[in-house]
**Q** 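This structure is in structure tokens; I'll ask about it shortly.
In the text below, chain A, chain B and the rest are named by the order of the sequence lines, each starting its count at 1.
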Protein chains: 2
Amino acid sequence: MVSRTQKQTNISNLLDQGVSLLTDKGYHGSGLKEILAAVQIPKGSFYNYFDSKEVFAVEVIQHYIEPFIRQLEAHLQNPDLDALTAINQYFAELIAALEGNVFKGGCLLGNLMGEVGDSDEAISQALRVAVRQYRDVLQTGLSRAQQEGTVRTDKSAQEMADLLVNTWQGVLLRMKIEQSSIPLKQCCESLLGEYFRV
Amino acid sequence: MVSRTQKQTNISNLLDQGVSLLTDKGYHGSGLKEILAAVQIPKGSFYNYFDSKEVFAVEVIQHYIEPFIRQLEAHLQNPDLDALTAINQYFAELIAALEGNVFKGGCLLGNLMGEVGDSDEAISQALRVAVRQYRDVLQTGLSRAQQEGTVRTDKSAQEMADLLVNTWQGVLLRMKIEQSSIPLKQCCESLLGEYFRV
DNA sequence: ATTATAAATACGACCGGTCATCTTGATTTT
DNA sequence: AAAATCAAGATGACCGGTCGTATTTATAAT
């Protein structure tokens with residue numbers, strides 16, 4: 001037997017490859033053929049696993065955001081760190097990863113928001129869900145930072161989390177064309193290091 | 001005679017249509033056929049005017065940003081307004097326009113940065129030039145606002161202009177999936193209304 | 001001024017290749 | 001044996017781009 005979970009393995013590989021290809025080349029720029037060739041899966045199998053490219057993209061989006069949320073939560077659950085320090089460390093890791101990736105790709109969510117965020121309803125909804133999930137985790141962290149007295153309390157944690165998420169998306173775009181991490185660092189320093197502080 | 005400047009008219013129409021189509025459907029999502037059909041121009045003519053779709057996109061980018069720069073400069077040159085008020089009014093107009101457009105499209109620069117900003121060198125360069133031109137105008141305005149005493153001077157005008165441009169790109173993405181102008185307004189209130197102020 | 005020549009532009013049929021999707025037959029599972 | 005699952009190729013629409021040619025405009029020669 002080829003293992004009872006071959007299907008699950010295939011799907012998992014497709015989603016992994018989908019994340020990296022969709023991030024790099026966008027929705028319309030990524031062909032099924034290329035994705036399938038990378039994972040060595042026949043075209044027919046793909047349409048057994050997913051109803052369409054659109055549905056595939058939706059699942060790729062969910063698959064994409066989970067590790068980021070887990071990583072951020074891991075920092076926030078570190079008992080040695082106050083919440084603001086945890087968030088700062090998390091973003092420092094993101095920046096290091098992007099530098100290691102020579103500023104290629106950026107964020108799948110941001111890229112797809114720009115490309116099809118207002119033209120494909122299913123993808124738009126998946127993006128909305130993912131962004132809000134991510135925002136909620138940041139909001140929880142900022143809220144704790146407020147209780148810990150490191151972050152101002154005259155602005156709501158949600159408003160700050162939204163601004164941070166949105167600005168982060170913007171600086172990721174800027175990073176791509178400047179091939180530089182300076183925008184990323186300025187974002188963190190300005191918001192986390194100054195504007196949000198008490 | 002069909003007018004001696006038919007070629008110029010055609011090119012101008014193509015660029016106008018290119019702005020709206022590329023903004024709405026992205027680079028890979030916009031087909032030449034659709035652009036040509038909209039302006040009633042044969043494909044052969046297109047390739048007389050432009051060497052390639054890529055070159056066309058580069059010219060579309062330059063064509064796109066000019067009105068925004070002129071509009072912002074017009075506000076800044078209004079002798080009745082201090083610079084910060086002029087910038088605020090400019091963004092208020094942008095928000096009104098986006099609301100009137102039911103949050104469709106967003107910014108061509110941001111959309112293309114995400115889609116091909118790290119994969120197409122010619123387009124990337126055109127985007128870099130356009131974004132910096134735009135940033136420079138904002139920087140000039142913020143610099144005057146510093147002299148006028150309405151904006152803090154412990155941060156450089158360029159750094160603030162960059163943060164504003166980048167955050168604006170991010171909130172435009174968020175706007176698209178939330179179908180709401182709230183992110184836009186929060187961006188202006190937070191940065192122009194609070195963080196940048198003395 | 002008129003003609004001859006050249007250069008530029010207009011035009012759409014057409015190219016190879018790629019797209020997302022469907023159909024069909026093989027294989028596996030029950 | 002029946003049903004579900006899967007693999008592989010077929011399908012036609014569409015992609016960006018090229019081609020030869022028709023037409024117009026500009027230049028040169030008489």
Side-chain angles (χ1 to χ4, degrees), chain A residues 1-15 17-19 21-22 24-61 111-112 115-116 119-124 126, chain B residues 1-61 112 115-116 119-124 126:
Chain A
M1 83 176 186
V2 230
S3 151
R4 249 184 57 248
T5 59
Q6 187 59 52
K7 177 179 176 180
Q8 300 307 324
T9 303
N10 284 348
I11 290 181
S12 178
N13 287 341
L14 279 170
L15 290 176
Q17 186 62 29
V19 163
L21 202 59
L22 284 176
D24 283 350
K25 325 218 326 184
Y27 183 70
H28 290 113
S30 300
L32 262 348
K33 185 182 174 182
E34 191 175 356
I35 299 175
L36 297 169
V39 233
Q40 299 256 69
I41 288 181
K43 200 173 266 196
S45 302
F46 177 88
Y47 278 95
N48 271 326
Y49 305 149
F50 306 99
D51 284 345
S52 67
K53 184 187 184 185
E54 185 189 32
V55 166
F56 175 65
V58 166
E59 300 199 21
V60 166
I61 289 167
N111 297 351
L112 290 184
E115 188 185 355
V116 290
S119 62
D120 188 306
E121 186 44 48
I123 294 181
S124 177
Chain B
M1 82 175 187
V2 231
S3 153
R4 256 189 45 253
T5 57
Q6 187 60 52
K7 176 179 176 180
Q8 299 308 322
T9 303
N10 284 348
I11 290 181
S12 178
N13 287 341
L14 279 169
L15 291 176
D16 286 341
Q17 186 62 29
V19 164
S20 92
L21 203 59
L22 285 176
T23 301
D24 283 351
K25 323 219 324 186
Y27 183 70
H28 294 297
S30 301
L32 262 341
K33 186 182 174 184
E34 190 176 358
I35 299 175
L36 297 169
V39 270
Q40 300 258 63
I41 289 180
K43 190 177 271 194
S45 301
F46 177 89
Y47 278 96
N48 263 332
Y49 306 149
F50 307 98
D51 285 344
S52 65
K53 184 188 183 185
E54 184 189 32
V55 167
F56 175 65
V58 166
E59 299 199 22
V60 166
I61 289 167
L112 290 185
E115 188 184 355
V116 290
S119 61
D120 188 306
E121 187 43 50
I123 294 181
S124 178

**Q** Which part of the nucleic acid does F50(B) contact within heavy-atom distance under 4.0 Å: base, sugar-phosphate only, or nothing?
**A** nothing
**Q** Could you give the CD-to-P distance, from Q40(B) to dA10(C), as a whole number of Å?
**A** 15 Å
**Q** Would you give the length of the straight line joining atom CD1 of I41(B) to atom CG of L14(B), rounded to the nearest 0.5 angstrom?
**A**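 CG of L14(B) is found 4.0 Å from CD1 of I41(B).
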**Q** Please state how far atom CG in L32(B) lies from atom P in dC14(C), giving the value in whole angstrom units.
**A**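 Answer to the nearest Å: 19 Å.
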**Q** Report the residue (G29(A) or G44(A)) whose heavy-atom-nearest nucleotide on DNA chain C is the more 5′ of the two.
**A**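 The residue whose closest nucleotide sits nearer the 5' end is G29(A).
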**Q** From NZ of K33(A) over to C1' of dG9(D), roughly how many Å is that when rounded to an integer?
**A**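 Nearest whole value for this atom pair: 13 Å.
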**Q** Could you give the NZ-to-P distance, from K53(A) to dC19(C), as a whole number of Å?
**A** 8 Å
**Q** When you get a sec, tell me which of dA10(C), dT21(C), dT18(C) is the closest nucleotide to the side chain of S45(B)?
**A**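 From the listed options, dA10(C) comes nearest.
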**Q** Using whole Å, what does the distance between atom P of nucleotide dA26(C) and atom CG of N48(A) come to?
**A**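 Answer to the nearest Å: 17 Å.
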**Q** Over how many whole Å does the gap from I35(A) atom CD1 to dT21(C) atom P extend?
**A** 11 Å
**Q** Looking only at side-chain atoms of Y49(A), point me to the closest of dG17(D), dC6(D), dG12(C).
**A**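 Nucleotide nearest to Y49(A)'s side chain: dC6(D).
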**Q** Can you tell me if S124(B) uses its side chain to pair, donor with acceptor, with the backbone of D120(B) under 3.5 Å?
**A**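 No, S124(B) side chain to D120(B) backbone: no donor-acceptor pair under 3.5 Å.
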**Q** Determine, for Y47(A) and K53(A), whether the Lys NZ or Arg CZ falls below 6.0 Å from the six-membered ring centre while staying within 45 degrees of the axis.
**A**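 Judged by the rule (NZ or CZ under 6.0 Å from the ring centre, within 45° of its axis), K53(A) is not positioned above Y47(A).
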**Q** Touch check for F56(A), heavy atoms < 4.0 angstrom, all strands: base, sugar-phosphate only, or nothing?
**A**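 The answer is nothing, as F56(A) stays clear of every strand by at least 4.0 Å.
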**Q** Surrounding CD of Q40(B) (heavy atoms of other residues, nucleotides or ligands, distance under 6.0 Å), is the total greater than 12?
**A** no
**Q** In whole angstroms, how far is the P atom of dA13(D) from the CD atom of E34(B)?
**A** 18 Å
**Q** Measure distances between side-chain N and O atoms of K43(B) and base N and O atoms of dG16(D), and say whether any donor-acceptor pair falls under 3.5 Å.
**A**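 A donor-acceptor contact between them is present.
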**Q** Once you round it to whole Å, what is the distance between C1' of dA20(C) and CG of L36(A)?
**A**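 Rounded to whole Å, this separation is 11 Å.
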**Q** When the ring centroid of F56(B) is compared with that of F46(B), is the distance short of 6.0 Å?
**A**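 For F56(B) and F46(B), the ring centres are under 6.0 Å apart.
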